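Note that the coordinates shown come from a computational prediction; the quantities given were computed from them, not determined experimentally.
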Amino acid sequence: MSENNDRKPGAEEKTYVDDIDRSIYDIRDEEKDAYRMQEGLDVSIVEKISREKEDPAWMQLFRLHSLQIYNEMKVPDWGPSIDGLDMNHIATYVRPNTKMSAKWSDVPDDIKNTFERLGIPQAERESLAGVGAQYDSELVYHNVRQEVADQGVVYTDMESALKGEYADMVRKHFMKLVPPTDHKFAALHGAVWSGGSFVYVPPGVSVTIPLQSYFRLNAPGAGQFEHTLIIVDEGAYLHFIEGCSAPKYNVANLHAGCVELFVGKNAKLRYSTIENWSKNMYNLNTKRALVEEGGTIEWVSGSFGSHVSYLYPMSILKGRGARMEFTGITFAGAGQNLDTGAKVVHAAPDTSSYMNTRSISKDGGISTFRSSVVVNRDAENSKSAVSCQSLMLDSISRSDTIPAMDIRTKKADVGHEARIGRISDEAVFYLMSRGVSEEDARALIVSGFADNVSKELPMEYAVEMNNLIRLEMKGCIG
């Protein structure tokens, strides 16, 4: 086309989009862990973890049973390869050299400085109802505002909940939504879990400002297996934010956490996650919600890191009129294979679900979106819509959409829309014809593509969230 001849020298260079600036997350603290479990996984290691945690008898048996299930199950063979993950070289438990504190001033300086640089205390002071900070395998800081506690809201670490006033509630719900038999890494989690948060919101209580847990894995060659259990009782409301990061090492790290969410009748839970693991991380996390009559679960998910991810938050719409919304954005750069998506099961009449995702891949990154929609026979008058859009920024990247739908009733309204494309030369030319530079035009297109998803992310609550979704364009690109 003739307009190409009028371009400035260098205009033929390919589009380049900066990776997420990870410098703030690659902070590495000198390992001063008080206790690091030997690498590998066997009965003696699981028993040692159980003794370290001072588990009640039922939990010790649960761990050993989970280990047995783990040993009997096969590694998933349908997603990205995880051949580089060798459990014989993963330390499943690393205890930092400190005890949990409710006072920020009591946290050791090296750990405190890491979280300060990540913006966690600042976020707490400005706009959070409570914060839990986990470093490697243990929580090092946990605090909740007094006015929230006065409402009867419980926000504490899982170990305290397991042995305290809410022990029976924990036992009733622990790994009931995600049983160890679910898949191999759920079984692994059941055997070696450590840390995480427990939240209980009483009936009718609305927590108007968010709670946040932040998980930091500092130790190389280690795994993090936190367990999050949230129960939002009838008519209550909560927004919970989860943040994750780790520095980059030349050895594999593993994250196999578990999130179980119970949403009561006419209750609402918004669960936001920003994951920025380093590119040596295998992120094999499992998240699931059970929603009662008239309840709502909202997922907001930002996946920006890890070498390989398997991440598909699942919602079970158990009660009439229950609803689910999933909003996700994924950015896969060089060396990343991010397999993400969402699942929903409509198990009652008049339920509804909506998935809206955006993915961006560059420099050979691979982004795969998987969705699963199941509408049971008795879930009449249910509605489900799935919208997935992917943008590839060069010719060596890849994006795939793999939807699955299992509809057992004719009285349902189900739709799926997927679009995969590249930056349109026509759109760039149009903007340039209106006086916008080529570089700015491409930046505008990428920003606009991600905007309706990224605006749902809780950017205002932590510095990290602002850093993660800022896509910088540079270079004169064609």
Are the side chain of His65 and the backbone of Leu61 linked by a donor-acceptor contact shorter than 3.5 Å? no
Side chains of Trp193 and Ser66: do they bring a donor and an acceptor to under 3.5 Å? no
Using a cut-off of 6.0 Å, state whether more than 12 heavy atoms not belonging to Lys318 lie near its atom NZ. no
salt_bridge(Lys53, Glu159) N-O dist < 4.0 Å: yes
Starting at OG1 of Thr351, measure out to CD1 of Ile316 and round the result to the nearest 0.5 Å. 12.5 Å
Residue among Thr401, Asp339, Asp400 satisfying side chain to side chain donor-acceptor pair (under 3.5 Å) with Arg370: Asp339
Would you say the side-chain atoms of Lys287 and Ser301 include a donor-acceptor pair closer than 3.5 Å? no
Considering all heavy atoms, the nearest Val201-Tyr237 contact: CG1-O, 4.2 Å
Residue of the set Leu238, Val207, Leu261, Val154 for which side-chain contact (heavy atoms from CB on, under 4.5 Å) holds with Val199: Leu238
With a sphere of 6.0 Å drawn around NZ of Lys172, does it hold more than 12 non-hydrogen atoms of other residues, nucleotides or ligands? no
Which is it for Val232 and Lys268 under the side-chain contact (heavy atoms from CB on, under 4.5 Å) test, yes or no, and what are the steps along the way? CA-CA 7 Å; Val232 183; Lys268 182 176 179 180; over 6 Å; no
Determine, step by step, whether Val344 and Tyr354 satisfy the side-chain contact (heavy atoms from CB on, under 4.5 Å) criterion, reporting the C-alpha distance in whole Å, the side-chain angles of both residues, the deciding distance to 0.1 Å, and the verdict. CA-CA 9 Å; Val344 62; Tyr354 177 56; over 6 Å; no
I need the Ile90 CD1 to Asn253 CG distance, nearest 0.5 Å. 6.0 Å
Counting C-beta onward and ignoring hydrogens, is there a side-chain heavy-atom pair between Leu311 and Thr273 closer than 4.5 Å? no
Does any part of the side chain of Val291, heavy atoms only, come nearer than 4.5 Å to the side chain of Arg323, both counted from C-beta? no
Say you draw a straight line from CZ of Arg398 to CD1 of Ile366; how long is it, rounded to the nearest 0.5 Å? 6.0 Å
Show your reasoning for whether side-chain contact (heavy atoms from CB on, under 4.5 Å) applies to Leu177 and Phe262. CA-CA 9 Å; Leu177 275 183; Phe262 293 84; 3.7 Å; yes
If you compare all heavy atoms of Ala342 against all heavy atoms of Phe369, which two are closest, and at what distance to 0.1 Å? N-CE1, 4.5 Å
Do the side chains of Phe185 and Leu85 get nearer than 4.5 Å, heavy atoms only? yes
Between Phe62 and Phe174, is a ring-ring contact (aromatic ring centres under 6.0 Å, His included) present by the stated rule, with each step listed? CA-CA 10 Å; Phe62 185 92; Phe174 186 86; 5.5 Å; yes
Is the closest side-chain donor-acceptor distance between Glu260 and His227 under 3.5 Å? yes
Is there a side-chain contact (heavy atoms from CB on, under 4.5 Å) between His189 and Thr286 once you walk through the steps? CA-CA 10 Å; His189 176 90; Thr286 306; over 6 Å; no
Are the side chains of Val263 and Thr296 in touch, meaning some heavy atoms are under 4.5 Å apart? no
With under 30° as parallel and over 60° as perpendicular, where do the rings of Tyr310 and Trp78 fit, or are they tilted in between? perpendicular
Can you find a heavy atom in the side chain of Phe331 that is under 4.5 Å from one in the side chain of Lys362? yes
Regarding Arg320 and Glu293, does a basic nitrogen lie under 4.0 Å from an acidic carboxylate oxygen? no
Quick check: closest heavy atoms across Ser384 and His346, and the distance to 0.1 Å? CB-NE2, 3.8 Å
Note: Pro179 and Ala186 closest approach over all heavy atoms is O-CB, 3.8 Å
Which distance, rounded to the nearest 0.5 Å, do you find between the CD1 of Ile69 and the CG of Asp182? 10.5 Å
May I ask you to decide if Ser160's main-chain N or O and Asp157's side chain share a donor-acceptor pair within less than 3.5 Å? yes
Counting only heavy atoms from other residues, nucleotides and ligands, does the tally under 6.0 Å from CD of Glu165 exceed 12? no
Hey, could you give me the OG/CG distance between Ser399 and Leu338, rounded to the nearest 0.5 Å? 10.5 Å
Spacing of Asn285 atom CG and Glu226 atom CD [to the nearest 0.5 Å]: 6.0 Å
Trp299 and Met324, any side-chain heavy atoms less than 4.5 Å apart: yes
Does a side-chain heavy-atom distance below 4.5 Å link Tyr70 with Met87? yes
Pro313 versus Gly341, closest heavy-atom pair with distance: CD-O, 3.2 Å
Of all heavy-atom pairs between Ser382 and Ala348, which one has the smallest distance, and what is that distance? OG-O, 3.4 Å
Okay, side chain of His239, backbone of Thr208: is any donor-acceptor separation there less than 3.5 Å? no
Lys176 (side chain) donor-acceptor with Arg171 (main chain) under 3.5 angstrom: yes
Side chain proximity check, Leu284 to Lys184, heavy atoms < 4.5 angstrom: no
Would you say the side-chain atoms of Ser306 and His255 include a donor-acceptor pair closer than 3.5 Å? no
